[in-house]
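Below: one structure, written as C-alpha cells.
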Amino acid sequence: MLDLNMQAAGLLHDMAALQPEGRSSLGYKRAAKAVVALPLPVADLMRAGTLREVPFIGPSSARIIAELVEGGSSATVEKAVAASRHSGRIAALRGLRSGFLSQWGMESALARAAPERVVSRESFRGDFQMHSSWSDGSEHLEVMARACMARGHSCMGVTDHSYGLPIAGGMSMADVVRQHREIDRVNTRQAGTFRIFKGIEANILADGSLDLDVEQRRVFEFVVASPHSLLRRAEDQTARMLGAVRQPGVAILGHPQGRMYNSRAGVAADWPRVFAEAAARGVAVEIDGNWHRQDIDAVLAAQALDAGCLFALDSDAHSIGELRFTDFAIAHARLAGVPADRVINCWSDDRLAAWMGERQAI
Ligand SMILES: [Zn+2]
C-alpha cells in the first residue's frame, strides 16, 4: 500500500538526521511526527492549500512534501544527502522505516474492501497485550479494563512484565498473587459482560529460554514471550526465536522482531522457519500495534499466514491513550488478508480459554 504520509515523514527524518542536533533537527522531527498523525493524505492537504496550517510544518518541510507529492521524490532531500558525508547512514535509517503505517495509512487499510472473512475492527473482541501500574503501565488495572469496555471490547488480557525485567518494573510472583485477586474481583463484578484473562509478558533470554520457569508460567492463563535484549545485533538469531516458540507454556510470541521506528531493526532471523514452528505448536504470532513497533508488519504477517500461524493483534498499551494502537495491528493483519478465524482476539471466551489451556499443558 502506498502511504505517502509515511514517505513524507521519512524524508523529513532524513533532513533531521542531516542537521546538527538542535533546533532545525528538532523542527524536522516535529514536522515528521505531525505528518504521521494526519487523518488525511498530504496530497489532499496540498491540493486544498492547507498543508502549512498543520502545526510544525514550516516552509522547508512543506517544500519537501510538495516535491514528493508532485514527483514521487524530493530533490531537496536528495541534494542534501549527496552534499553530506552521511549517505550510508541515511540509507541505513531508511531501512529502519520500512513497513510502517501512518495514521491515515492505518485508517485507509481498515476502510478498504476485503472479503468478509478477513479480520476487521468489528470482529475484534479484545486486546491481549497491555501493561498496568502493576509493572510499567501508568494506569490501574481496573482503569485499563474500563477503557477497553468503553472501546466496545468484551475481553482483554493483561500482560504486565515479569520479574526478569526489573527495568520495566517487572512483577514479583508475590505481586502476581495480589494482581490475580484484583482480576478475580473485576471479573466477578463484570461476569457475563467482560472478562480479563491473566497473562504475563515473559522475557526471552539470549539462549531462547524465558525468565519464568515452567511452574511459574502455569500460574498464568497465558504467557506472551517477547525479546527485549540483543535487538541491535546483525547476527542471525533464528535459534533463539525457535527456542522461545518451543518453550512450554508459551501462547503468544510478542513483538517478534523488537524493531523500533527509525532506531533499530530488531532481531534478524529466518522468519518463515520461526513462523512454521509457531504454527506447528499453536503459538500465536503477535502483530504489536504500538506505533513505534508495528511488529510484525503486513509483509511478514503474510508470510506467517502462509505458514499457517495464529495471530494476536495487540496494542502493547502502557496507558489508556495507547489502547487505540490495536487499530494499527488490525490494519497490518487486514493488509495481509488474515482471516478473523486465525486471530485469537476474535475468538469467544470459551475458545480462548480452551486454547490457553492447551498451551499451558504443553
Ligand atoms: Zn515487550
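Basis for what follows: all heavy atoms, side chains included, without hydrogens, waters or symmetry-related copies. Atoms within each ligand, like the ligands themselves, are counted from 1 in listed order.
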Looking at R233, I want to see if its CZ is surrounded by more than 12 non-hydrogen atoms of other residues, nucleotides or ligands under 6.0 Å. no
Donor-acceptor contact present, side-chain N345 to main-chain G126, <3.5 Å: yes
Can you see whether F100 has R259 sitting over its ring - NZ or CZ less than 6.0 Å from the centre and within 45° of the normal? yes
Answer yes or no: is there a side-chain heavy-atom contact under 4.5 Å between R281 and I362? yes
With under 30° as parallel and over 60° as perpendicular, where do the rings of H318 and H161 fit, or are they tilted in between? tilted
Distance filter < 2.8 Å from the Zn ion (ligand 1), protein N/O/S hits 3
Donor-acceptor side-chain pairing of E201 and H228 below 3.5 angstrom: yes
